[in-house]
Amino acid sequence: SDCPVVRRARRRRRPFLRPWRGGLCYGPARRDGSVAMASPGISILKKVGTDISGAGRFDRDSLLVTLTVGDRDKQIAALRQIALGGEHSAELMLAEPVSRLMGHQDPEICVAAVRAMGCLGLVALRYAEDIADFLLRHPNEACRCAALETLGKMGAGLPRSVRQAVAARLADPETSVRRAAADSLSAMAASGHAAAVKAALEDSALSVRAGALEALARFIAISEEAESVCPT
């Protein structure tokens, strides 16, 4: 039977807090005693649960089951929706199951997991070195590109070893990976690797040269801004 708080909420249909596996959810009570989640990110994940588990059956556990034992298409769909949820997905403590799928042998699942990790905010930083050590050397081109994209989203606070691993991809045999490396260095403002980026201006591929030029322009802009704030 329901506790008195739930029974009162059913009668009055007013907002209340209720315990939930990921913390406390806040929202208006419904006739069935459930709570409408107020956060847009959580609402997205609620839709995910409907898509992968069936209408009316969403909860965190169903999402975890899908990530663990779901079929390929459902896992990819769930990972893409987790990416849309952004930091709200991190609040659901989904980073660890997502990280396990980054090592999946199916390249599409790997790509979806790496991109989802890149959308989880600060919690993703703990996985940066693993991404640099393993995924930047992945045999699949798309997985390497996704890893570079994700590391770029993590910004300027990455360890030196990670930035060096990203810069090393400027010599990757695949054009798309070299361009992704230039974009990643630009995103993380890795001006310490300006020499390597400058060398990429001689790349045989136009897209890589364009990416290197954009990265150098950003490094210069950041340097000029710093000088204007703290003139020598």
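Because the structure is predicted, anything quoted here is derived from the model rather than measured.
- Between the CZ atom of Arg126 and the CD atom of Glu96 there is a distance of 8.0 Å, given to the nearest 0.5 Å.
- Applying the side-chain contact (heavy atoms from CB on, under 4.5 Å) test between Leu136 and each of Asp172, Leu151, Val177, Val162 identifies Leu151 as the sole match.
- Taking both residues in full, the closest heavy atoms of Gly86 and Leu120 are given as O-CD2, 3.5 Å, listed atom of the first, atom of the second, then distance.
- The pair Glu214-Arg209 does not count as a salt bridge, with every side-chain nitrogen at least 4.0 angstrom from each carboxylate oxygen.
- The side-chain heavy atoms of Leu135 and His138, taken from C-beta on, include a pair separated by under 4.5 Å.
- Inter-residue side-chain proximity for Met154 and Met188 is flagged as unmet; no heavy-atom pair is nearer than 4.5 Å.
- When all heavy atoms of Ala124 and Met117 are compared, the pair lying nearest together is CB-O, 3.2 Å.
- Formation of a donor-acceptor pair under 3.5 Å by the Ser186 side chain with backbone atoms of Ala182 is not found in this model.
- Contact record, Ala113 with Met102: CB-N, 3.6 Å, taken as the closest heavy-atom pair.
- Taken from SG in Cys143 to CD1 in Ile131, the straight-line distance is 11.5 Å, to the nearest 0.5 Å.
- Annotation: the span from Arg218 atom CZ to Leu185 atom CG amounts to 11.0 Å, rounded to 0.5 Å.
- Not one N or O on the side chain of Arg179 forms a donor-acceptor pair closer than 3.5 Å with the backbone of Val208.
- Around the CD atom of Gln164, the shell of radius 6.0 Å holds more than 12 heavy atoms that belong to other residues, nucleotides or ligands.
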Would Glu108 and Arg72 count as a side chain to side chain contact (heavy atoms under 4.5 Å, CB included) here? Give the steps.
CA-CA 9 Å; Glu108 285 196 49; Arg72 175 181 181 276; 2.7 Å; yes
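- Listed here is the closest heavy atom pair of Ala167 and His193: CB-ND1, 3.6 Å.
- Distance check: Ile109 CD1 to Leu101 CG gives 6.5 Å after rounding to the nearest 0.5 Å.
- With rounding to the nearest 0.5 Å, the separation of OG in Ser204 from CZ in Arg178 is 5.0 Å.
- Side-chain atoms of Thr68 come within 3.5 Å of backbone atoms of Leu64 as a donor-acceptor pair (strictly under, hydrogens ignored).
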Could you check Thr175 against Asp203 for side chain to side chain contact (heavy atoms under 4.5 Å, CB included), going step by step and ending with a plain yes or no?
CA-CA 9 Å; Thr175 299; Asp203 195 278; 5.6 Å; no
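- Residues Val114 and Val123 are members of one and the same hydrophobic cluster, defined by side-chain heavy-atom contacts under 4.5 angstrom among Ile, Leu, Val, Met, Phe, Trp and Tyr.
- Rounded to the nearest 0.5 Å, atoms CG (Asn140) and CD (Glu174) are 9.5 Å apart.
- Neither Val65 nor Val98 shares a network with the other; the hydrophobic side chains, linked directly or stepwise wherever heavy atoms of I, L, V, M, F, W or Y lie under 4.5 Å apart, form separate groups for each.
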Where do Phe219 and Val197 land on the side chain to side chain contact (heavy atoms under 4.5 Å, CB included) test, with the steps shown first?
CA-CA 10 Å; Phe219 296 162; Val197 175; 4.0 Å; yes
Test side chain to side chain donor-acceptor pair (under 3.5 Å) applied to Glu141 and Ser176, step by step
CA-CA 8 Å; Glu141 171 186 352; Ser176 63; 2.2 Å; yes
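- Taking both residues in full, the closest heavy atoms of Ala78 and Leu67 are given as CB-CD2, 4.1 Å, listed atom of the first, atom of the second, then distance.
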Take Leu201 and Leu216 through the side chain to side chain contact (heavy atoms under 4.5 Å, CB included) test and state the conclusion after the steps.
CA-CA 10 Å; Leu201 293 174; Leu216 288 172; 3.6 Å; yes
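- Considering every non-hydrogen atom in both Leu148 and Ala181, the closest pair reads CD1-N, 3.7 Å.
- Cluster annotation: Leu122 is connected to Leu94 through the hydrophobic network of ILVMFWY side chains, with a link wherever side-chain heavy atoms come within less than 4.5 Å.
- In summary, the side chains of Gln75 and Thr66 do not present any donor paired with an acceptor at a separation below 3.5 Å, with no hydrogens or angles considered.
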